[in-house]
Amino acid sequence: MRRRRATMTRTIGVIGGGQLARMMVPAAINLGVDIRVLAEADGMAAALAASSVGDYRDVDTVLAFARGVDAVTFDHEHVPQAVLRALVDAGVAVHPGPDALRYAQDKVLMRERLTELGLPVPIWARVTSPAELGDFLRANGGVAVVKTPRGGYDGKGVRVVRDAADADDWFAALADASPNDDSDAAPALLVEELVDFRRELAQSVARRPSGDIVAWPVVESVQRDGVCAEVIAPAPQAALRASTVASDIAYAVAEGVGVTGVLAVELFETTDDRLLVNELAMRPHNSGHWSIDGSTTSQFEQHLRAVLDLPLGATGCRDAWSVMVNVFGGPEAGGLAGRYPRMFADHPTVKVHNYGKESRPGRKVGHVTAGGDELEEVVFQARAAAALLAT
Ligand code: ADP
């Protein structure tokens, strides 16, 4: 039998050129894994590893990109099912595979599947008209959260409604939309109870194709305007019960849906002490960025290991507390690096992750992580460093 290569070097193809692909690069370099990125455009965050620029919705482009790689994985969840299935049919190892990814691509499918699996979710319904939304509002105290099932991120596509007419524009847009490429069902919106939550938690796990799963500690994720702003690892005052319940839920999702690679489960901790699943992400996730500096194995290294079906690394914390703060915007001139002299001098324990993006108001351009024994001090260091970088 002819060996394909003289060495055992493995090659991973990442579809999407954003910051998640970028943060896989150092992990790949350390493991001696070749990494190739199919970026959407020149100059994206993962440009340093972008071997191709092209449209991830185009089957031929993606098949050509995947030629010669050992496994394909993703920076985002938007690759159409038809493209994913073409990859699988061509014999490419795709992680996570299309059958899992569909539940991260469509919030209605996700809610249906989690309900089938008996996992705790907010009260929800699939609605196709303002009249159906009105019925849901009447049955649920006159207030609800409406979501577009596809393409939402960072709170876009999420709206609190109090009247059946409050989502008229989205229902109108549905009528014009083509049916989901993965479903025969008519296009619909997701409506949910407005959950009375104390805080939001996130539980990440990684699962190998052969079935092994490991979990990181559950973390608290602080959202501002629907966007993750800060993460505290581990989640403060997470009673043993909450952390066990969170990891049990994430294991059940990973197994029930057949995820391979990293899975992040976003959870609501309700005021009456229940955990409800909000969202699933089947890739490294913002709530796991702390693990680069704060865990024995970062989510990016773990994702590569899982995708290559290698044994998974330990997931313990390096510090008593890790706090990650996102950097939004960035200075108008000189980028984040222009702030390094002051930031590095004032915050020598803080680690910076600069996504190499141009500054723009509200844009996620990087994050910082601080670690240590005293939570208050760690929070202060991370927030102060992020604030210096952001302006
Ligand atoms: P995205 O896909 O944009 O991240 P999410 O479904 O995660 O959207 O919602 C974004 C944020 O909106 C959540 O982090 C949470 O703060 C709030 N949210 C979402 N669903 C509900 C709900 N059912 N009840 C209360 N708040 C919600």
Side-chain angles (χ1 to χ4, degrees), residues 1-39 45-54 56 61-76 79 83-101 204-216 254-255 258-263 282-285 288-289 291-293 295-316 318 353:
M1 196 170 67
R2 199 168 69 90
R3 273 195 297 165
R4 197 158 58 83
R5 290 197 198 89
T7 67
M8 288 291 288
T9 303
R10 315 282 297 274
T11 305
I12 287 191
V14 185
I15 300 182
Q19 63 259 24
L20 301 179
R22 180 188 180 96
M23 287 185 271
M24 289 180 207
V25 174
I29 291 171
N30 289 339
L31 296 176
V33 167
D34 278 346
I35 187 162
R36 299 180 194 168
V37 173
L38 175 62
L48 67 171
S51 51
S52 328
V53 172
Y56 60 80
T61 302
V62 174
L63 283 174
F65 169 71
R67 213 166 285 138
V69 307
D70 293 291
V72 162
T73 191
F74 309 95
D75 170 82
H76 57 70
V79 180
V83 175
L84 298 172
R85 305 246 174 234
L87 281 172
V88 173
D89 291 347
V92 179
V94 180
H95 296 298
D99 290 336
L101 211 46
S204 286
V205 296
R207 180 172 178 272
R208 287 174 69 177
S210 56
D212 288 351
I213 306 184
V214 295
W216 282 271
E255 279 165 358
V259 178
T260 43
V262 168
L263 163 75
M282 295 181 193
R283 48 171 170 74
H285 187 246
H289 289 357
S291 64
I292 303 173
D293 304 299
S295 174
T296 306
T297 310
S298 87
Q299 62 167 349
F300 296 98
E301 175 180 340
Q302 198 81 294
H303 189 69
L304 300 184
R305 290 195 197 202
V307 163
L308 292 171
D309 203 10
L310 292 166
L312 301 172
T315 48
R318 291 187 182 282
H353 299 266

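Side-chain atoms of T11 do not come within 3.5 Å of backbone N or O of D34 as any donor-acceptor pair. Under the 3.5 Å distance criterion, the side-chain polar atoms of R22 are matched with a main-chain donor or acceptor of A45.
Summarising the geometry, atom CG belonging to L304 is positioned 12.0 Å from atom OG1 belonging to T297; distances are rounded to the nearest 0.5 Å. R208 CZ to D309 CG: the interatomic distance, rounded to the nearest 0.5 Å, is 4.5 Å. M8 contributes atom CE, which lies 9.0 Å from atom CG of D70 (distance to the nearest 0.5 angstrom). Separating the CD atom in Q19 from the NE2 atom in H76 is a distance of 11.5 Å, to the nearest 0.5 Å.
Take N30 and apply the side chain to side chain contact (heavy atoms under 4.5 Å, CB included) test, not counting sequence neighbours, and it matches no residue. When the side-chain hydrogen bond (donor to acceptor under 3.5 Å, both in side chains) test is applied to S204, no partner is found at least two apart in sequence or on another chain. Residues satisfying the ring pair (Phe, Tyr, Trp, His ring centres under 6.0 Å) criterion with H95, sequence neighbours excluded, are absent altogether. The ring pair (Phe, Tyr, Trp, His ring centres under 6.0 Å) check on F65 picks up nothing, with sequence neighbours excluded. Applying the side chain to side chain contact (heavy atoms under 4.5 Å, CB included) test to L63 and every residue at least two apart in sequence or in another chain returns V59, L87, A90. A search for ring pair (Phe, Tyr, Trp, His ring centres under 6.0 Å) contacts involving H285 returns nothing, not counting sequence neighbours.
Residues I12 and M24 fail the side-chain proximity criterion, which asks for heavy atoms closer than 4.5 Å.
Checked against F300 for a side-chain contact (heavy atoms from CB on, under 4.5 Å), the options I292, V262, V25 give a single hit: I292. Each of L20, V14, L84 was evaluated against F74; a single residue qualifies, L84, per the side-chain contact (heavy atoms from CB on, under 4.5 Å) test.
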